[in-house]
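Just so you know, these numbers come straight off a predicted model, no measurement behind them. Reminder, nothing fancy here: chain letters follow the sequence lines and each chain counts from 1. Just so you know, these numbers use all the heavy atoms, side chains as well, and skip hydrogens, waters and symmetry mates.
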2 protein chains.
Amino acid sequence: MRADERARKTALYEQFARVGKALANPARLELLDLLAQGERSVEELAAAAGLRVSNTSAQLRVLAGAGLVASRRDGVRIYYRLADQNVSAFTGRVQDFATSRLADAEQAARSYLGDVAALEPVAPDELVRRLNDGQVLVLDVRPEAEYAAGHIPGAVNVPHDQLAARLAELPGGADIVAYCRGRYCVFAPDAVRQLRARGFSAWPLAGGLPDWRHAGLPVTAQASA
Amino acid sequence: MRADERARKTALYEQFARVGKALANPARLELLDLLAQGERSVEELAAAAGLRVSNTSAQLRVLAGAGLVASRRDGVRIYYRLADQNVSAFTGRVQDFATSRLADAEQAARSYLGDVAALEPVAPDELVRRLNDGQVLVLDVRPEAEYAAGHIPGAVNVPHDQLAARLAELPGGADIVAYCRGRYCVFAPDAVRQLRARGFSAWPLAGGLPDWRHAGLPVTAQASA
DNA sequence: AACCTATTCTAATATATTTTGGAATATTGT
DNA sequence: ACAATATTCCAAAATATATTAGAATAGGTT
């Protein structure tokens, strides 16, 4: 191979590796999952991910360098968002890829989430059917800010950490479908377990809001009733 | 968040990051592209990627640790292969992801491959149609070992570096469709340019052998005629 | 203009990865 | 057993990444 051809080939693979490098860090992957819920300021992201602000800023710079996130300034704050919706589809694939072929990853997911399959998750299009039939309450158990940034139309927001105290707000008889940040978010499975323990009929939505979005289903940013 | 919950969450994201880490190095990505052509020994991989054997071995260990490759021993040699076909589909996505959103990556691809679109690549199913009509020669311009490991049925193997010397073997009148390792392999585009310069009617196959495989089309490991 | 706040930048340290050359290991063939 | 060979293992050096604390910057407010 000619020297310049080898150099160009290496340069190309170095470019490909930029994407891998961006995904090579757990903190960055967590930030991407948070950003899949909607745009957030650096400070909010730092708090949600348990990182220092300066570290968060540095990781966001890496993500921006790999073309995964974009930002806008609003006054003194800078809001980051995913560069486009394909990013969350892509990171979802990375996660599924990991859990499907690494025993340790599968076990880590199970240890964190419990046995989600045993809760019989409802697929997005199945939820659509049940909504058309009426008689199902959609419960968004994510933090308020994420609900505000976008949620399933008609969903009621009760953040996971307030659920125990606000059970009285929920209609006793209705079927409840709870959703959260996605396939590897613990909020909805936990909520469903809590609800069932209190006698409710509840299921998690398979895939959370990201999979709902990718199925092309509607998302609204209006406030809840 | 409880401390142990945070620990489990971090553990999960660390597992996800293992996949990213495996993809975070250009040499490893090149090895994956080589392995997408078929299994190869460590020594062969090292030669093809321009790496030392000990380095190749170390990188393969990383890939195996991320569940991307598997190996078998045959006598004194150890042959590595992709863990399954999903791996090459996945790395292909990473590469497309990079070139579609990083200007530098797009430019690196163009600098290495030239303007492939201008050569009017033939899609796999279009090639199938043209094969059914007869009158098209399928040319595999990859190294002999890769051809031997698996090729499009009926394809003739003329490795890219022998093409200039073996033009006489090609029928003057026929349409020629040349293929190589994939979307970011330079062999087929270069071969098509050479052939056109000598008066042949030639096109590259879009996506090379990996995309042909992913389309569910047949691959044979028999020797050529 | 002075002050406040969110974010980025900088420099330093700690940690991880990459690469190399050579020793160790495993298998085959004599 | 011994020699030959492919691969892995090991230790060291070079390089890259992650994280922190605090300084610098930019926009907003008083």
Q: Between A:Arg18 and A:Gln15, is any side-chain donor less than 3.5 angstrom from a side-chain acceptor?
A: yes
Q: Between D:dT7, C:dG21, C:dA6, which nucleotide gets closest to the side-chain atoms of A:Val76?
A: C:dA6
Q: Can you tell me the distance, in whole Å, between the CZ atom of B:Arg52 and the P atom of D:dT8?
A: 17 Å
Q: Base, sugar-phosphate alone, or nothing: which one does A:Val42 contact when heavy atoms must sit under 4.0 Å apart?
A: sugar-phosphate
Q: Rounded to whole angstroms, how far apart are CD on B:Gln59 and P on C:dT18?
A: 6 Å
Q: State whether B:Asn25 places a side-chain N or O below 4.0 Å from either non-bridging phosphate oxygen (OP1 or OP2) of C:dT17.
A: no
Q: Using whole Å, what does the distance between atom P of nucleotide C:dT18 and atom CG of B:Leu63 come to?
A: 10 Å
Q: Would you indicate what A:Thr56 reaches in the nucleic acid, counting non-hydrogen atoms under 4.0 angstrom: base, sugar-phosphate, or nothing?
A: nothing
Q: Could you state the CD-C1' distance from B:Glu30 to C:dT18, rounded to the nearest angstrom?
A: 16 Å
Q: Between C:dT20, D:dT7, C:dT7, spot the one nearest the side chain of A:Ser57, thanks.
A: C:dT7
Q: Quick one: on DNA chain D, does A:Arg73 or A:Ala27 contact a more 5' nucleotide (nearest heavy atom)?
A: A:Ala27
Q: In whole angstroms, how far is the C1' atom of C:dT8 from the CD atom of A:Glu43?
A: 14 Å
Q: For a quick check of understanding: with a heavy-atom distance under 4.0 Å over all strands, which category does B:Tyr79 fall into, base, sugar-phosphate or nothing?
A: nothing
Q: So which heavy atom on A:Tyr179 is nearest to which on A:Gly208, and how close?
A: CB-CA, 4.4 Å
Q: Can you confirm whether B:Pro210 sits close enough to B:Gln85 that some side-chain heavy atom of one is under 4.5 Å from a side-chain heavy atom of the other?
A: no
Q: Taking OP1 and OP2 of C:dA6, is either one under 4.0 Å from a side-chain nitrogen or oxygen of A:Tyr80?
A: no
Q: Starting at CZ of A:Arg61 and ending at C1' of D:dT17, how long is that distance when rounded to a whole Å?
A: 12 Å
Q: Of the non-hydrogen atoms in A:Asn86 and B:Phe97, which two are nearest, and what is the gap between them?
A: O-CE1, 4.2 Å
Q: Please state whether the phosphate of C:dT18, meaning OP1 or OP2, lies under 4.0 angstrom from any side-chain nitrogen or oxygen of B:Arg28.
A: yes
Q: Measure the distance from CG on A:Asn55 to C1' on C:dA14 and round it to the nearest whole Å.
A: 13 Å
Q: Which whole-number value in Å describes the distance from A:Ile78 CD1 to C:dC9 C1'?
A: 12 Å
Q: Under 4.0 Å, heavy atoms only, any strand: does B:Val53 hit a base, just the sugar-phosphate, or nothing?
A: base
Q: Could you check whether A:Arg181 pairs with A:Asp33 (Lys NZ or Arg NE/NH1/NH2 to Asp/Glu carboxylate O, under 4.0 Å)?
A: no
